[in-house]
Amino acid sequence: MKLFTTGTLLIMSLVGMAAEMPVVTGEPFPDTDGVHVNAHGGGIMKHDGVYYWYGEHRDNGQPSSYQRGVACYTSPDLKTWTNRGIVMEVSETPGDPIEKGCIIERPKVVYNPATGKFVLWFHHEMKGVGYGSAYAGVAVADNPLGPFRLLHTGRVNPGVYPLGTAEDAKNLKWDEKMEWWTPQWRKAIEEGMFNLRDLDGGQMSRDMTVYVDDDGKAYHIYSSESNLTIQIAELDPTYTRHTGRYVRLFPGGHNEAPAIFKKDGVYWMITSGCTGWDPNAARLMRATSIMGPWEQLPNPCRGEGAEITFGGQSTYIFKDDRGFTFMADIWNPKQKSDSRHLWLPVKFGDDGVPYIEKPEK
Ligand code: DGJ
């Protein structure tokens with residue numbers, strides 16, 4: 001007896017797919033060896049039907065220095081993840097920019113169909129300077145499993161003014177030692193005090209992501225100007241260099257951990273505030289052009305724990321046929337490798353504005 005028609009089976013498989021939307025709420029997330037996934041501050045890339053999850057391979061202890069490199073896990077279904085090892089190793093050579101003991105955070109990989117290369121961007125701090133370098137590192141590989149080879153690392157767009165800078169704004173002068181958070185300091189930050197401070201050497205780049213738009217153009221989105229201002233910088237067609245076109249978002253807004261997605265022609269960005277490893281309230285921004293203007297909306301999280309993003313800090317928003325998944329890190333600064341993962345579906349209100357709820361366990 002035929003139990004199901006083809007149509008029924010199609011609906012069942014669609015329902016099945018919907019039910020498979022991965023939701024992770026801070027419980028240990030074992031890989032296929034039964035070990036908690038050690039890939040933090042990362043993101044997911046899908047290539048040739050395989051999901052690649054790149055992230056920080058975290059060692060325990062202080063400071064945040066790196067002993068291994070960037071980790072990669074693969075999955076056929078977003079649920080079962082196999083450890084593929086370290087795809088960009090730190091170097092044993094003294095003086096190498098990614099010498100063991102440097103800091104590598106928030107790695108993101110994108111595929112460039114024009115060059116056939118996989119491009120890895122990451123927040124990079126030279127060994128021994130804490131968070132003082134504020135560099136963006138770029139590495140490339142012919143294979144998504146690496147090895148990724150460092151191309152360059154450094155500040156962003158040295159000598160270049162942000163888009164739309166008026167001539168008279170280039171000559172403004174401030175007392176850079178003025179007290180922070182005063183109205184006059186806020187005005188100075190808005191006017192570009194720290195942007196101009198860093199003009200010659202290049203803009204700071206700490207927490208970051210990379211976004212490839214529908215038209216194939218890619219953008220580097222990063223926390224700049226002493227973590228006070230988000231910048232979005234256009235990348236060249238190889239995705240490995242900045243073009244020099246960049247904008248400043250929410251000067252003085254103190255945003256970290258940018259994660260971005262686009263739906264129905266609208267760009268949405270979720271960020272965190274800056275409280276070290278401690279969670280804080282997420283922020284939501286939207287724009288109809290990636291280079292702005294951007295508009296700030298209220299915290300997208302709803303329900304108990306919303307004021308601390310349910311204990312997490314944004315890292316990536318992953319899109320597939322089933323919708324968008326908000327990925328965040330529940331940091332454990334004392335035992336960083338045991339930082340937990342938070343993956344929650346992005347929902348949309350009747351007004352089209354995204355929101356995130358923590359599901360009941
Ligand atoms: C918050 C950032 O989002 C993390 O990536 C990391 O840099 C910590 N700060 C370090 O305190």
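All residue numbers refer to positions in the sequence shown, counting from 1. Counting convention: from 1, in listed order, for ligands and their atoms alike.
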Checklist entry - In the hydrophobic clustering (ILVMFWY, side-chain contacts below 4.5 Å, transitive), which residues join V35, or is it alone? => result none
Item to check | Region of R106 engaging ligand 1 - heavy atom pairs below 4.0 Å | outcome: side chain
Next on the checklist: Within the structure, is a non-hydrogen atom of G41 found at a distance of less than 4.0 Å from ligand 1?
Outcome noted: no
Next on the checklist: Please list, in number order, the atoms of ligand 1 under 4.0 Å from a heavy atom of D207.
Outcome noted: 2 (C), 3 (O), 4 (C), 5 (O), 7 (O)
Checklist entry - Judging by distance only, is a nitrogen or oxygen of Q313 under 3.5 angstrom from one on ligand 1? => result yes
Checklist entry - Is K263 close enough and on-axis enough to F324, meaning under 6.0 Å and within 45°, for cation-pi? => result no
Checklist entry - Is there a donor-acceptor contact under 3.5 Å from the side chain of T309 to the main chain of N280? => result yes
Item to check | Partner residues of K217 under the salt bridge (charged side-chain N to carboxylate O under 4.0 Å, His left out) criterion, sequence neighbours left out | outcome: E234
Next on the checklist: Ring-plane angle category for Y73 and W53, please: parallel below 30°, perpendicular beyond 60°, tilted otherwise.
Outcome noted: tilted
Next on the checklist: I need the atoms of ligand 1 closer than 4.0 Å to a non-hydrogen atom of E105, numbered in the order shown.
Outcome noted: 4 (C), 5 (O), 6 (C), 7 (O)
